[in-house]
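Okay, structure first, notes after.
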Amino acid sequence: QVQLVESGGGLVQAGGSLRLSCAASGRTFSSYGMGWFRQAPGKEREFVARINYSGGRTDISDSVKGRFTISRVNVKNTVYLQMNRLKPEDTARYYCAASDSGWGISDLKRSNTWGQGTQVTVSS
């Protein structure tokens, strides 16, 4: 089982960019589907993006499509979330998740493998 550590969050002005990283321990990273979720205060955790084990397939939430991209570098055991044209409504704590059962949203939600999250705050 892998362990996940997110980084790259911070405070940014609207219109700016951030790149989040999720570093995984373990030698089986390339067999895991990976995803990013976010949770704002008082709101439920929501899906942002997911990527299959090879990186050949991705899926982006409609709320961030065209602004966010997900990628992974398996030799570095890392998955990335590039966030461009950030908006105040993107403010949330961002979490990555890993699933060895598939890369579906439900697979990731059911997974026990989550990082601690990294805070993203977008000022207007």
Side-chain angles (χ1 to χ4, degrees):
Q1 186 168 345
V2 297
Q3 292 184 321
L4 307 174
V5 178
E6 301 96 333
S7 62
L11 174 64
V12 64
Q13 288 188 332
S17 298
L18 284 174
R19 187 176 79 158
L20 305 184
S21 299
C22 174
S25 64
R27 289 178 282 183
T28 60
F29 175 74
S30 60
S31 64
Y32 281 75
M34 301 293 297
W36 286 96
F37 294 76
R38 67 185 182 185
Q39 187 167 21
K43 294 188 177 181
E44 292 187 356
R45 190 169 295 189
E46 69 168 324
F47 163 73
V48 176
R50 61 190 175 110
I51 189 166
N52 75 333
Y53 72 98
S54 69
R57 298 177 67 188
T58 63
D59 178 36
I60 307 294
S61 167
D62 286 345
S63 63
V64 302
K65 193 167 291 182
R67 300 188 296 121
F68 291 14
T69 57
I70 187 171
S71 61
R72 66 190 295 165
V73 179
N74 283 345
V75 294
K76 293 186 176 181
N77 279 16
T78 303
V79 63
Y80 302 98
L81 184 69
Q82 178 66 44
M83 307 186 297
N84 298 326
R85 300 195 305 277
L86 283 159
K87 304 176 180 180
E89 52 262 45
D90 295 319
T91 295
R93 192 163 187 85
Y94 284 71
Y95 299 86
C96 69
S99 171
D100 60 359
S101 300
W103 69 296
I105 295 173
S106 57
D107 298 320
L108 292 162
K109 283 184 174 181
R110 284 197 301 264
S111 169
N112 292 322
T113 307
W114 289 77
Q116 294 301 306
T118 185
Q119 180 67 34
V120 172
T121 303
V122 184
S123 63
S124 58

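The figures here come from the full heavy-atom set of this structure, side chains too, leaving out hydrogens, waters and symmetry mates. Residues: numbered from 1 along the sequence shown.
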Nearest heavy-atom neighbours spanning [X] and [Y]:
X     : Y     : value
Ala24 : Phe29 : CB-CD1, 3.4 Å
Met34 : Ala98 : SD-CB, 3.4 Å
Tyr94 : Met83 : CE2-SD, 3.9 Å
Ser71 : Val79 : O-CG2, 3.0 Å
Asn84 : Ser17 : OD1-OG, 3.0 Å

(request) Verify, without hydrogens or angle tests, whether Arg67 (side chain) and Arg85 (backbone) share a donor-acceptor contact under 3.5 angstrom. (result) yes
(request) Would you confirm whether Arg50, through its side chain, and Trp103, through its main-chain N or O, come within 3.5 Å as a donor-acceptor pair? (result) yes
(message) If the threshold is 4.0 Å, N to carboxylate O, is there a salt bridge linking Asp90 and Lys87?
(response)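 No, Asp90 and Lys87 are not salt-bridged.
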Side-chain contact test, heavy atoms from C-beta onward, threshold under 4.5 Å: evaluate it for [X] versus [Y] and give yes or no.
X      : Y     : result
Arg38  : Thr91 : no
Thr118 : Ser7  : no
Leu20  : Glu6  : no
Ile60  : Thr69 : no
Glu46  : Ser63 : yes

Please determine whether the number of non-hydrogen atoms from other residues, nucleotides or ligands lying under 6.0 Å from atom [atom1] of [X] exceeds 12.
X      : atom1 : answer
Tyr95  : OH    : yes
Lys109 : NZ    : no
Gln3   : CD    : no

Enter the distance from [X]:[atom1] to [Y]:[atom2] here, rounded to the nearest 0.5 Å.
X      : Y      : atom1 : atom2 : result
Thr113 : Tyr32  : OG1   : OH    : 5.5 Å
Ser124 : Glu89  : OG    : CD    : 10.0 Å
Asn74  : Ser31  : CG    : OG    : 9.0 Å
Leu86  : Ser123 : CG    : OG    : 10.0 Å
Arg72  : Thr58  : CZ    : OG1   : 12.0 Å

Can you hop from [X] to [Y] via hydrophobic side chains spaced under 4.5 Å?
X      : Y     : result
Ile105 : Leu81 : no
Val120 : Ile70 : yes
Leu108 : Ile51 : no

(message) Cation-pi check for Tyr80 against Arg19: NZ or CZ below 6.0 Å from the six-membered ring centre and within 45 degrees of the axis, yes or no?
(response) yes
(request) Evaluate the ring planes of Phe37 and Trp114, with Trp represented by its six-membered ring, and classify them as parallel (under 30°), tilted (30 to 60°) or perpendicular (over 60°). (result)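 Rings of Phe37 and Trp114: tilted, 30 to 60°.
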(request) Establish, yes or no, whether a centroid distance under 6.0 Å links the rings of Phe68 and Trp36. (result)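 No, ring centres 6.0 Å or more apart.
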